[in-house]
Amino acid sequence: MCIEAPLGVVAIAGQAPAVRTWVELLRGLFPGRWRSSKTFPGGGTSLGDFALGTAALLAALGLAAPALSRVLRRCVAEGSLRDFEYGPVDIQMMTNEASQKLCGKNSAQAVQRTSLIPDALQDLEESGAGIAAEAMRPEEEVDRRAQALAKVGAPPFRRFLSEAGISSFERRPCQVLQINIGLYCNQACTHCHVESSPLRKEMMSLEVVERCLFLLRESPSVNVLDITGGAPELNSGFRRLVEGAAELRDSGGRPDLRIIDRCNLTVLLEPGQEGLAEYLAEKRVDIIASLPSYDAAQTNRQRGRRVFERSIEGLRILNSHGYGFGGPSAKVGRRLDLVFNPPGPFLPPKQELLDQKYREQLGEQMGVDFNQLITIANMPIKRFFDFLRKKGTLEGYMDLLVRNFNPDTVDKVMCVDHVNVGWDGRVYDCDFNQQLEMGLGSGKGLDVFGIESLDDARLRRAPIRTAAHCFGCTAAQGSS
């Protein structure tokens, strides 16, 4: 219980008609934000209604103070006055019409291989041109998101944490080195927070790759190398990075080192990648693969034409090389985890429920095995940010993230124990900050050539950089 109220005030909240009027008005203005967690005797007014009514009455009398606002926001942050607004497990219900209502202004055989790149380019031409033409520079995007946050009445992220009673948000020793090796990709997904596509040519140089391997060797606290992109496998330094990390692990220098490839699955069917699955299995690289729906039409709308059928074929190829077996508790080495993100401005369903649905659809109907499903919210940045602006749902989506803040996620967000490196060697708190050019450290920020390990004092002293998009990692189940 987050409010201890004097009995006299409880009586007023429970029985005064004026307060009841304010309660009903504010409940209409803020639907879904307050749930009836407790009813007061004699009046049927819930604790959430009491909080709203008391605030409204004091405001009407000119007595409302910032302290009261902080108390009420803390109640929301603690989760004691409302439920998280999980998306439906039947993800086909996540339609554009539903998104407007929620966030709108009014609420393995050998075959002839072909590339997905021509399809991705056609998708970009047909659906991405209008959004790209209106794209903002990173600093403008950060400002616009902050404005959207202010419009829904929420303070900046760090102040929100403080008002929620979270006094510490500090960096811990680095456990995960995440490397965005380049932005080139054979797909052009509508939700992509790095705006990857076949048109992007940025790739990590061999010099930066070798420096990253040096930092990995010099940082004994790091137990995970997480390689992402773009389609990381199509970038020039990918195999050298995998081989260097595998050598460190297999030589005994870091025997528990886990190597992760963020794979889009369709890359396994690209011409020239015929031996990729065998290579990954040989090097004991775990796969985290994006598959945003068990429904073909929905996946293709989000990730591009022909993506679903090729993704399923990619999963079967990985299964044939020993990936995906043993369930959620399987050891690292050939794990195959899938990632779901909603097809619009929704929160994902509860992870354990959607996991069951995926197993029914993919396992029983398509004969595909995987270890675990991970559900994440879409980050309101870059291509998805442009999508939200175009659809008029940016403020509504930011409000959705804020009102579903979960304090239990804060110590699990990636920025507290990750270091992220961009294709050019610059260092960031996370992949999201990288895309917004929010570098780690003062001035122009640090790069891999300016530090000697991931335990460097300049890294440890640097504060975590936050902005409005950080609410995407702390909503409901979290997204890190």
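- Residue-environment remark: CD (Glu278) stays at or below the threshold of 12 foreign heavy atoms within 6.0 Å.
- Cation-pi check for Arg145 over Phe385 is met; the charged atom lies under 6.0 angstrom from the ring centroid and within 45 degrees of its normal.
- Shortest non-hydrogen contact noted between Pro155 and Leu149 is O-CD2, 3.4 Å.
- Cation-pi contact between Arg335 and Phe325: absent, since separation from the ring centre below 6.0 Å together with deviation from the ring axis within 45° is not met.
- To the nearest 0.5 angstrom, Asn420 atom CG is 9.5 Å from Leu440 atom CG.
- Rounded to the nearest 0.5 Å, atoms OG1 (Thr228) and CG (Asn264) are 10.0 Å apart.
- For Phe387 and Tyr397, the ring centers sit 6.0 Å or farther from each other.
- At least one cation-pi condition fails for Arg303 and Phe308: the charged atom is not both under 6.0 angstrom from the six-membered ring centre and inside a 45 degree cone around its axis.
- One N or O on the side chain of Lys201 and one on the backbone of Pro198 form a donor-acceptor pair closer than 3.5 Å.
- Under 4.0 Å is where a charged nitrogen must lie from a carboxylate oxygen, and between Arg403 and Asp399 at least one such pair does.
- The closest donor-acceptor contact from the side chain of Thr409 to the backbone of Gly478 lies at 3.5 Å or more, if one exists at all.
- The nearest pair of heavy atoms linking Leu347 to Ala476 is CD1-CB, 4.1 Å.
- No hydrogens or angles considered: nothing links the side chains of Asp337 and Asn371 as a donor-acceptor pair under 3.5 Å.
- Closest non-hydrogen pair, Leu213 versus Leu241, comes out as CD2-O, 3.7 Å.
- Between the side chain of Asn406 and the main chain of Thr474, no donor-acceptor pair closer than 3.5 Å is present.
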Can you list the steps and then say if Leu291 with Phe370 is a side chain to side chain contact (heavy atoms under 4.5 Å, CB included)?
-> CA-CA 11 Å; Leu291 188 66; Phe370 64 94; over 6 Å; no
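- If you check the side chains of Asn186 and Glu270, you find a donor sitting under 3.5 Å from an acceptor.
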What do the steps show when you test Glu395 against Arg144 for salt bridge (Lys or Arg N to Asp or Glu O under 4.0 Å), and what is the final call?
-> CA-CA 10 Å; Glu395 284 79 14; Arg144 179 66 183 84; 2.8 Å; yes
Which is it for Asp355 and Arg359 under the salt bridge (Lys or Arg N to Asp or Glu O under 4.0 Å) test, yes or no, and what are the steps along the way?
-> CA-CA 6 Å; Asp355 185 288; Arg359 292 187 190 280; 2.6 Å; yes
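- Side chain of Arg284 to main chain of Arg258: no donor-acceptor pair is present (N/O by atom type, distance under 3.5 Å, no hydrogens or angles).
- Put simply, the side chain of Arg254 gets close to the backbone of Ser219: a donor and an acceptor are under 3.5 Å apart.
- Annotation for Met203 and Trp423: closest pair O-CE3, 3.5 Å, computed over non-hydrogen atoms.
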Could you go through the salt bridge (Lys or Arg N to Asp or Glu O under 4.0 Å) check for Arg383 and Asp386 one step at a time?
-> CA-CA 5 Å; Arg383 198 174 283 160; Asp386 295 330; over 6 Å; no
May I have the step-by-step check of side chain to side chain contact (heavy atoms under 4.5 Å, CB included) for Leu161 and Phe405, ending in yes or no?
-> CA-CA 10 Å; Leu161 294 184; Phe405 173 80; 3.7 Å; yes
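- Side chains of Tyr279 and Glu233: no donor on one and acceptor on the other come within 3.5 Å.
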Can you list the steps and then say if Gln351 with Phe340 is a side chain to side chain contact (heavy atoms under 4.5 Å, CB included)?
-> CA-CA 9 Å; Gln351 184 166 295; Phe340 166 87; over 6 Å; no
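- One N or O on the side chain of Arg171 and one on the backbone of Ala462 form a donor-acceptor pair closer than 3.5 Å.
- A distance-only check finds a donor-acceptor pair linking the side chain of Lys412 to the backbone of Asp408 [under 3.5 Å].
- No more than 12 heavy atoms of other residues, nucleotides or ligands lie within 6.0 Å of NZ in Lys331, so this atom counts as exposed by the packing criterion.
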Decide yes or no on salt bridge (Lys or Arg N to Asp or Glu O under 4.0 Å) for Glu437 and Arg137, but give the supporting numbers first.
-> CA-CA 10 Å; Glu437 299 180 4; Arg137 296 194 304 271; over 6 Å; no
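- A donor-acceptor pair is defined here as one N or O able to donate and one able to accept, closer than 3.5 Å; no such pair exists between the side chain of Arg211 and the backbone of Leu206.
- For the atom pair CG (Leu315) and SG (Cys263), the distance works out to 9.0 Å, reported to the nearest 0.5 Å.
- At distances below 3.5 Å, not a single donor-acceptor pair connects side-chain atoms of Asn404 with backbone N or O atoms of Ala475.
- Here the CG atom belonging to Leu454 is positioned 12.0 Å from the CD atom belonging to Gln175, to the nearest 0.5 angstrom.
- Not one N or O on the side chain of Asn433 forms a donor-acceptor pair closer than 3.5 Å with the backbone of Tyr428.
- Taking the six-membered ring where the residue is Trp, Tyr86 and Phe84 present perpendicular rings, their angle passing 60° and hence far from 30°.
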